[in-house]
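Taking it in order: structure first as structure tokens, then the write-up.
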Protein chains: 2
Amino acid sequence: MKATMKDVAALAGVGVGTVSRVINGIKVKEQTKDKVESAIEILNYERNEYARGLKKNKTNTLALIVPTIWHPFFSEFAYYVEEELSKEGYKLYLCNSNGEADKEKEYIQMVKQNKVDGIIGVTYSDIDKYVSANLPFVSIDRYFTEDVYYVTSDNLLGGKIAASELIKRKVQYPAYISSVSKYKNETLKRYEGFSEYCEDHNLSVVKLMVDEPRVNFVQQVEQFLIEHPEIDGIFAVNDLTALDIIKVLDKLERKVGEDIQIIGFDGSKTALDQNYLLSTIRQQVDKMAEVSVQNIIKLIDGNEVPKRVMLPVKFVEGYTTKKNIDIIEK
Amino acid sequence: MKATMKDVAALAGVGVGTVSRVINGIKVKEQTKDKVESAIEILNYERNEYARGLKKNKTNTLALIVPTIWHPFFSEFAYYVEEELSKEGYKLYLCNSNGEADKEKEYIQMVKQNKVDGIIGVTYSDIDKYVSANLPFVSIDRYFTEDVYYVTSDNLLGGKIAASELIKRKVQYPAYISSVSKYKNETLKRYEGFSEYCEDHNLSVVKLMVDEPRVNFVQQVEQFLIEHPEIDGIFAVNDLTALDIIKVLDKLERKVGEDIQIIGFDGSKTALDQNYLLSTIRQQVDKMAEVSVQNIIKLIDGNEVPKRVMLPVKFVEGYTTKKNIDIIEK
DNA sequence: CTGTTAGCGCATTCAC
DNA sequence: GTGAATGCGCTAACAG
């Protein structure tokens with residue numbers, strides 16, 4: 001049936017230890033190495049990962065928890081995480097939590113059972129009590145406690161940039177629209193930055209914050225916009241929300257990019273490709289993934305990494321904000 | 001440190017065998033069962049999956065190979081696969097192949113090494129030589145050989161429906177635009193169905209098929225549309241391509257949905273949400289995922305499943321085709 | 001440098 | 001019903 005190390009050792013006329021050494025790249029006499037390798041070849045030997053894991057307590061496997069891989073931001077993030085991990089010789093488990101703590105707990109169990117070495121998680125549930133300080137866990141976009149490592153974009157700055165770009169384009173009545181999870185996360189900073197900047201420029205922000213899970217989101221947006229006809233600039237918590245809002249604006253026959261300007265957040269490539277039109281605050285998804293992966297691997301290996309990493313963002317102009325500001329400004 | 005079965009057995013005052021039985025739900029006297037369970041509780045015991053895997057040679061883990069999780073169709077598919085798998089108590093490895101056979105081979109190795117029990121693959125490379133008949137492998141959207149199980153949408157019918165919907169809307173000069181992989185896959189059927197139906201209605205279709213990987217795709221589309229100004233209806237190989245084409249049409253100032261109609265393919269929810277406007281042929285992604293998962297699990301368990309499953313598709317009307325056909329038809 | 005050996009933690013005989 | 005014993009395939013420590 002399936003060849004084991006013993007078979008290989010027998011065929012090569014050496015001990016199992018030697019076979020193990022060859023496989024793991026530990027120095028062995030060239031000649032014996034050749035013998036072993038050809039035996040491996042002949043028997044079509046493949047190492048059994050279970051036996052190995054049992055000894056080494058190391059799986060070279062990570063889990064990625066996202067609310068849903070459906071969301072373009074998460075799927076782009078997952079893409080980069082897997083790519084980076086693959087370079088490092090790691091495999092990736094994918095978990096859609098749907099915001100349910102249960103499933104997240106399950107994966108935390110897995111690291112305890114040695115099924116995975118660590119977790120990268122975009123978790124919007126109250127998972128924090130389960131992640132202990134010595135559990136390799138890197139949180140994305142969410143601050144738990146001092147113990148939990150996290151990497152995030154500079155959401156505060158993003159909010160400020162959005163405000164500044166809108167104000168630059170003569171927006172007088174800025175609005176912020178978002179859906180909010182009952183669990184605190186970094187997206188709240190987008191609002192903070194936005195309103196702070198607006199207030200500094202003597203503009204007050206009207207806001208709509210819909211509780212998650214979103215029900216009748218579109219209707220609520222519509223009502224909000226009808227109640228506040230003066231709004232001429234909107235900052236949306238993310239691109240998908242921005243697109244939903246645009247839908248409503250279309251329906252209300254407000255000319256987006258002219259009568260009313262809108263800026264999203266994320267700028268993940270999928271969304272941009274599909275909606276080349278949306279002005280947005282772009283997060284460096286690739287970088288986030290890279291840093292997350294590098295950090296968690298270092299954590300697994302017992303090295304020090306910064307508790308917190310914050311990545312810059314930048315404005316990407318689309319067609320939902322006014323062009324040629326220079327001309328406008330004249 | 002970490003509690004093992006031995007510890008539990010010691011604390012409960014029973015043998016390890018009994019502990020094992022309790023854990024695996026094999027009948028044990030109620031009383032001893034309770035003892036064991038409370039010992040497990042106290043010691044916070046968790047089964048080591050590696051030791052278990054070593055014995056059982058079963059991992060309850062599957063791999064999903066997609067070209068890139070980025071693509072909304074694949075990310076939606078991945079979502080449903082993971083969801084379905086989760087119900088069945090399976091874990092999912094995610095692999096972005098980027099169309100490279102190497103990475104796909106690596107995962108096939110993994111099933112041989114008992115790291116995964118089976119693979120669901122959307123593979124556009126010539127992986128077929130590596131998947132043997134007894135390897136649990138379900139292919140999506142691609143026919144290999146008689147040996148390989150696959151599930152796909154009814155692409156031929158989809159093409160026909162697209163043609164019929166366009167013709168119903170008075171299209172006279174239908175076109176088909178696509179990018180094509182050098183490896184045969186089921187998407188070619190979309191063209192077949194489309195052109196077949198058109199020809200049956202005495203319309204000849206002009207087509208643009210750009211080789212993958214796409215370089216200068218947009219430019220090629222633009223040139224194609226300029227060279228064929230008569231085109232008044234387009235069927236695109238998928239939604240993303242349709243959106244790219246719309247971009248070009250916008251640039252050329254052709255009024256989409258009026259001067260020129262366009263139908264995409266996929267209708268995955270993400271794309272629809274973001275582009276509520278696109279008329280498309282909708283695949284039942286959830287169903288595809290469900291069937292794939294059920295079939296591969298059956299295969300793993302050694303049961304019979306149909307070699308080939310073909311799922312129906314349907315037209316979903318957006319704003320890129322004419323509305324109120326009745327009125328038009330009068 | 002290399003062969004031998006002792007577990008890793010569990011499931012599964014086999015006796016009792 | 002249940003405890004004890006055997007090995008799954010591998011790595012690492014040890015002895016040569």
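By convention in this document, chain letters (A, B, ...) are assigned in the order of the sequence lines, proteins followed by strands, and residues within each chain are numbered from 1.
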Distance flag, aromatic centroids of A:Tyr80 and B:Trp70, threshold under 6.0 Å: yes
Tell me, please, the opening and closing nucleotides of DNA chain C, 5' to 3', among those with an atom under 4.0 angstrom from a non-hydrogen atom of chain A. C:dC1 to C:dG9
Sugar-phosphate, base or nothing in reach of B:Val14, heavy atoms under 4.0 Å: sugar-phosphate
A:Lys35/A:Glu37 salt bridge by N-O under 4.0 Å criterion: no
The correct set of residues in residues 18-39 of chain A placing a heavy atom under 4.0 Å from DNA chain D is A:Ser20, A:Arg21, A:Asn24
Close side-chain approach of B:Tyr149 and B:Arg308, heavy atoms under 4.5 Å: no
Once rounded to the nearest 0.5 Å, what's the spacing between atom CG of B:Asp141 and atom OG of B:Ser153? 6.5 Å
Does either side chain, that of B:Tyr79 or that of A:Asn98, offer a donor lying less than 3.5 Å from an acceptor on the other one? yes
Would you call A:Glu84-A:Lys87 a salt bridge at under 4.0 Å N-O? yes
Output field: ring centroids A:Tyr93/B:Tyr93 closer than 6.0 Å: yes
Count the heavy atoms of every other residue, nucleotide or ligand shown that sit under 6.0 Å from NZ of B:Lys105, and state whether that count exceeds 12. yes
Between which nucleotides of DNA chain D, read 5' to 3', does contact with chain B run, using atoms under 4.0 Å from its heavy atoms? D:dG1 to D:dG9
Looking only at side chains, do A:Asn185 and A:Thr187 share a donor and an acceptor under 3.5 Å apart? yes
Most 5' of B:Gly15 and B:Lys55 on DNA chain D, judged by nearest nucleotide: B:Gly15
Report the C-alpha separation of A:Asn96 and A:Val66 in whole Å, then their side-chain angles, then the decisive distance to 0.1 Å, and conclude whether the side chain to side chain contact (heavy atoms under 4.5 Å, CB included) test is met. CA-CA 5 Å; A:Asn96 293 294; A:Val66 292; 4.0 Å; yes
